**Q** 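Before I ask anything, let me first share the structure, which is written out below as structure tokens.
Source: prediction; values computed, not measured. Proteins get letters first, then strands, A, B, ... in listed order; numbering begins at 1 in each.
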Amino acid sequence: MAELSYREAVAYGIAQEMRRDPRLVMLGEDIAAAGGVFKTTVGLLEEFGPDRVRDTPISEQAIIGAAMGAAMTGIPVIAELMFSDFIAVTWDMIANEIAKTRYMTNGQVTLPLVIRTANGGGVRFGAQHSQSVENWCMMIPGLKVVAPATPTDVVGLMAASVRDPDPVIFFEHKALMATSEEIPDGEIVDTLGTARIRREGTDLTIAALAAMVPRALEAAEMLAADGISAEVIDVRSLVPLDTRTILQSVAKTGRFYTVEENPRVLGWGAELVSIVSHEAFWDLDGPCVRITTPHIPLPAASSLEDLAIPSVQKIYETVKRTIGGAP
Amino acid sequence: MAELSYREAVAYGIAQEMRRDPRLVMLGEDIAAAGGVFKTTVGLLEEFGPDRVRDTPISEQAIIGAAMGAAMTGIPVIAELMFSDFIAVTWDMIANEIAKTRYMTNGQVTLPLVIRTANGGGVRFGAQHSQSVENWCMMIPGLKVVAPATPTDVVGLMAASVRDPDPVIFFEHKALMATSEEIPDGEIVDTLGTARIRREGTDLTIAALAAMVPRALEAAEMLAADGISAEVIDVRSLVPLDTRTILQSVAKTGRFYTVEENPRVLGWGAELVSIVSHEAFWDLDGPCVRITTPHIPLPAASSLEDLAIPSVQKIYETVKRTIGGAP
Amino acid sequence: MPTDTADPRYDYALRPPRLPQPVDESLASAPIDLDVRLEMYRKLHLLRQWSKRAHDLFLQNLVKGTTHLSLGQEAVAAAFSSAMRPDDYTFATYRGHAHSLSRGMDPGEALAELLGRKNGVLGGKGGSMHLTDVTRGMMGSYAIIGAHLCIANGAAWSAQMRGTGQVAVCFFGDGTTNIGAFHEALNMAKIWNLPVVFVCENNLYMEYTPIDLVTAVPRPAADRAPAYGLEPIVVDGNDPDAVYLVAREAIERARRGEGPSLIEAQTYRHGGHSRADPGKYRPQSEVEAWKARDPIPMYHDRLLKLGTPEATLTGIERQVAEVVDAATEFAKNGPEPGLEDLLVNVWADGGAEWRN
Amino acid sequence: MPTDTADPRYDYALRPPRLPQPVDESLASAPIDLDVRLEMYRKLHLLRQWSKRAHDLFLQNLVKGTTHLSLGQEAVAAAFSSAMRPDDYTFATYRGHAHSLSRGMDPGEALAELLGRKNGVLGGKGGSMHLTDVTRGMMGSYAIIGAHLCIANGAAWSAQMRGTGQVAVCFFGDGTTNIGAFHEALNMAKIWNLPVVFVCENNLYMEYTPIDLVTAVPRPAADRAPAYGLEPIVVDGNDPDAVYLVAREAIERARRGEGPSLIEAQTYRHGGHSRADPGKYRPQSEVEAWKARDPIPMYHDRLLKLGTPEATLTGIERQVAEVVDAATEFAKNGPEPGLEDLLVNVWADGGAEWRN
Ligand SMILES: Cc1ncc(C[n+]2csc(CCOP(=O)(O)OP(=O)(O)O)c2C)c(N)n1
Ligand SMILES: Cc1ncc(C[n+]2csc(CCOP(=O)(O)OP(=O)(O)O)c2C)c(N)n1
Ligand SMILES: [Mg+2]
Ligand SMILES: [Mg+2]
């Protein structure tokens, strides 16, 4: 057991996989000599050398294109996009090429690659460096999408993502970088497509992701003090999506809430609600409620950012207000 | 009254606006001398000249960037992206710059621009030239999103989009190009953010968009023959979204269906269902059902494409199967 | 503003024609094996006849969707593929039929793909714009401009890491030189010294717009080469021998570890951009001049002059005709894919499940 | 693989330093009005003192988020803004404070924005990386590499259409020359003959990676100019007079309708890339050599040599100090924005409604 921060867990998880598979390479801006702007790749250059850990120019299309070309010819790759907002600069490569090539070629091409990127807000970086864009990727058929909330999950889901033969977009959350926990000894390998029940409860189900998981858990404690028992599910993997765990939970609790950092419209919760409200319709005792950032670009000022992103208080109050059935 | 095809309606609508506002300009690939690859801009070069109707290089970032820069300095612009799939190539410009600049500058910058693009499938162009990507744009705060289903709506919503001071993404549907209807004489100006009830009904509400509207209407006729009365709403405008019309309809019918051409996950219907299942929860007599393309890239072969995109038959059967309450 | 119909800003066909250079007859004595030359001749014919057949089938309404033929541009594909090793990689655009067939893709499977049949090389899923045959090093046809230059880099990088000596050859059009990905790809190829050869088939037009109207330099690829520390290389793209020599040199350079090249092959498409296009934005005299520089009769003459018996050439042509006929039968007889194919191969497990 | 800690591939600070060129003393006699020179001197000081104050406030934990200072690079902003007309357009990156202040943005409003206050120039919504003041032609600071070059084209195109003679000046870093949008923007600027001046502030590093390691040519901007039919122009970015001359020339060219320019200004940032960065990837000798080429003392000396009384310069410095102190008070006393600001100005109607 070692205490590891979320930030350190990234390099730890990558190192585990690079030791295991000598073909595995990495590329990205400032990831090698500098160890990454979030210090998530510290030590990898030293251990694996400059051929396997590569600094690149500011050329996101070339980076992701190179990852795709290498992966399709037998070299598994981890590519970093410094901020998830920059996915937009290489969106064609991700959404049109990487996601579709296996299907278009009827299975001729396999793409064992992982795109890691720093996602989310809470660090006052403003609208172009704080977005939660996991929904961008979730909606594209052919991409797997993972967003861990804890250091152990970072390591285990990194291993699962690297070992998966399909392209995985791996969202590391900026606001969680400094959080830490004890992680198990030995190899850690998790499974894509599995949600995790972080807290059991009977009155309502809250589905949360990444930085919203600790907030949902805290809100659940406050609700517990009021006699309301919330089950909190860390969705972890948006694609594949573990609907079973969620539907089972809703079958038990009869109420469903999502806590989403993304701006409201078409956040991942919309898909979950559309599933729950269809398949668990007869289980529901009241409307599904989505707690999200308002549908606005994220403001930079601390005071505004704090007002925008769902807070513990807001989660708590929203549940309190609506659990009886009020809209 | 003149009979106009959807294809012709695009140029008709643009010409109406270019006559009205002598500042308005257009740019895009092959739009001027060739009249556009879908022939949607035929005659505009001749009428408005090469300074106002410009052919560009294959440089989507430069095209959309130029549109933004011109718009922010007082020149309203219509930019064409030949296929909506190519939005990906300039996604940074659209999602990170155009959508966010007004908010980030606290209102200093106004962007009167329209991005027109040919959207959707049905023409056997395969996975990279047939996508329905209106959900990509819908989910970005700061973008308005329109997708007309008829020639009259093309003209009217084009006028509304051009006159709107905010950036509008205007989706023209490839499969509707050849459809035609009589359109009213004189200036035609519609209103963004208004859905339209295309068919009244009492048993269920179907929300559809663009090429799915005629299919939904046809399916409604088949259902009527079976004694099931479907109300069909053409959503038309995803942002702003006319939830009022939809919620009122569901209040009346008690059942809600979406017909979406997009691959399933986070299609526009997911947001609608999340709204309806929350705000009309007590009105619903059964689960909301989404009828979508499966969550796959769109295949090229006619037989496969026809199986993928929701057909009249599939709409009809799905409603028949589920209207009683079955999943 | 009244239209002056004689204004070349309104009608590009009124612009001055851009004429081909004359044949360099000295290439007849270039050091190229006769085997190679005959193989190139065979490929020229295969690409021509196959593409004409594809066009015929389109006229019969059997090809749905779109197609982008290379009629007139065959020399580039024929010559490059002949200079490549079987395990080298090809990356092409939607105009990728010629490159696919040249690398050995089965003509029947290729045609069946255009017809949307289950026996198509992609089972009908990809269509005309995405022909791919990984077993033959044909790593794909890419339909959105730019991306595949970056992807080709990745394949070259992979070859470099694996130490296999493989080279990636990436074909694209003149119009593609103005998109951002071109710039990023060329820069990365150079700084990483990648074994990749970028080949711009400059056919003077993007879709319907003349390339010189939208490009800051006269030679869209060659005049950009120095921006990436590369030599400008221009070749007569209608002469298989000229292309072959340049291709061999660039590929061997890359194989020796001496890094990337950027080649501009000047050529012309005889037809429109895609099946929907009559190509009327081009001066008639220009089209005619380039048709007169058709690589096939020119190469036929050269081979005759080099002493190849007419019968050998006719034999090749006949053999190709049989191949194309057989391919046509194969394609036409293919079944349509069905529901059992729809949800297959999104993921490596063969399926399309995104949830449990 | 054991780490050789003395290997420059592992530690870029071990690479050979890239040293500045010596001051060109002949620039003292350049034909530049004394007014202009004194104004540039004032700006140099304003940018320097303001940025240092921003840094102090960051150390006091009053600046949240990130900041990117231009310490050492002030001459570029000071000189360009002095060569511009009030109605010309500036486009800058996240490293945009110097350009904003040089165009006349209120120093207090700029600082308040860094502090996330309601009286910030963007009401706290944009933050350090997005300073914008449309009333002063400061058309924005853009935080994602590349886009704003294309946007600057649009403003220049608009000026061209409106016939106002306005010019757009677009600043960016060396690292930005490797992104696709750079390529697209330069090409379009040339073919449309746009009144735009692209200014690459080459400070030798992207964030933490030396630019020469990732660029195919030695001069990231200048060596690309010919690819767009442009002259390569390199200028000593630490000499306000040198920059001013080049700026005036390029801007007037653009104003006369003679099209775009691309200028590479060689400079260096004294500090790290952003507030989180100690900048240790740079050879110490390099940092020192460039600090010795600090534009401010150099320009101070030049002005003295040109006969400006010391008191005039001290007066300017003192006046700037007062401005910066006042700005600090203004910023610190600003209230934090609140809920009433959150849902404002997504749309032109002032609101944020996406549904009814
Ligand atoms: C990013 C992008 N923009 C536009 C298109 C539409 N398009 C398809 S082919 C083409 C012209 C390409 O011209 P060129 O590169 O010269 O190749 P050619 O077709 O002449 O072989 C265009 C604009 C596209 N496929 N991708
Ligand atoms: C598309 C994109 N990729 C990466 C980044 C992260 N990033 C911010 S600044 C920077 C370095 C930019 O270097 P340069 O252009 O030289 O400008 P400088 O910071 O030196 O002024 C990088 C990589 C970004 N903002 N946008
Ligand atoms: Mg071309
Ligand atoms: Mg720099």
**Q** Hey, does the side chain of Thr117(B) reach the backbone of Leu81(B) with a donor-acceptor pair shorter than 3.5 angstrom?
**A**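 Yes, because the side chain of Thr117(B) sits within donor-acceptor range (under 3.5 Å) of the backbone of Leu81(B).
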**Q** Quick check on Glu97(B) against chain A: is it the side chain, the backbone, both or neither that has a heavy atom closer than 4.5 Å?
**A**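 Answer is both: backbone and side chain atoms of Glu97(B) are under 4.5 Å from chain A.
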**Q** Between Phe281(B) and Leu284(A), is the side chain to side chain contact (heavy atoms under 4.5 Å, CB included) condition met? List the steps.
**A** CA-CA 10 Å; Phe281(B) 183 78; Leu284(A) 286 171; 3.9 Å; yes
**Q** Give a yes or no on whether a salt bridge exists between Asp203(A) and Arg255(A), defined as a side-chain N under 4.0 angstrom from a carboxylate O.
**A**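 Salt bridge: no.
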**Q** Look at the rings of His129(A) and Phe86(A) and say which category their plane angle falls in: under 30° parallel, 30 to 60° tilted, over 60° perpendicular.
**A** perpendicular
**Q** Can you name the residues of residues 238-253 of chain A that have some heavy atom under 4.5 Å away from a heavy atom in chain B?
**A** none
**Q** CH2 of Trp136(A) to CG of Asn135(B): how many Å apart, nearest 0.5 Å?
**A**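 The distance works out to 13.0 Å.
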**Q** Side chains of Glu261(B) and Asn119(B): any donor to acceptor distance under 3.5 Å?
**A**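 Per modelled atom types, Asn119(B) and Glu261(B) side chains form no pair under 3.5 Å.
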**Q** Below 4.5 Å from any heavy atom of chain A, which atoms of Pro263(B) appear? Answer side chain, backbone, both or neither.
**A**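 Contact with chain A is through the side chain of Pro263(B) alone.
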**Q** If we ignore hydrogens and angles and just use 3.5 Å, is the side chain of Glu305(A) paired with the main-chain N or O of Pro299(A) as donor and acceptor?
**A** no
**Q** Going by residue number, which parts of residues 268-277 of chain A are within reach of chain B, meaning a heavy-atom gap below 4.5 Å?
**A**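 Interface residues of residues 268-277 of chain A: Trp268(A), Ala270(A), Glu271(A), Val273(A), Ser274(A), Ile275(A), Ser277(A).
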**Q** Can you tell which part of Met138(B) gets under 4.5 Å to a heavy atom of chain A, answering side chain, backbone, both or neither?
**A**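 Both backbone and side chain of Met138(B) come within 4.5 Å of chain A.
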**Q** Which atoms of Arg264(B) come close to chain A, meaning under 4.5 Å heavy atom to heavy atom: side chain ones, backbone ones, both, or neither?
**A**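 The answer is both parts of Arg264(B).
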**Q** Could you walk me through whether Met139(A) and Leu266(A) pass side chain to side chain contact (heavy atoms under 4.5 Å, CB included), step by step?
**A** CA-CA 9 Å; Met139(A) 73 186 172; Leu266(A) 292 181; 5.9 Å; no
**Q** Checking side chain to side chain contact (heavy atoms under 4.5 Å, CB included) against Leu209(B), which of Glu134(B), Arg236(B), Glu260(B) comes through?
**A** Glu134(B)
**Q** Check whether any side-chain heavy atom of Val168(B) sits under 4.5 Å from a side-chain heavy atom of Leu143(B), and report yes or no.
**A** no
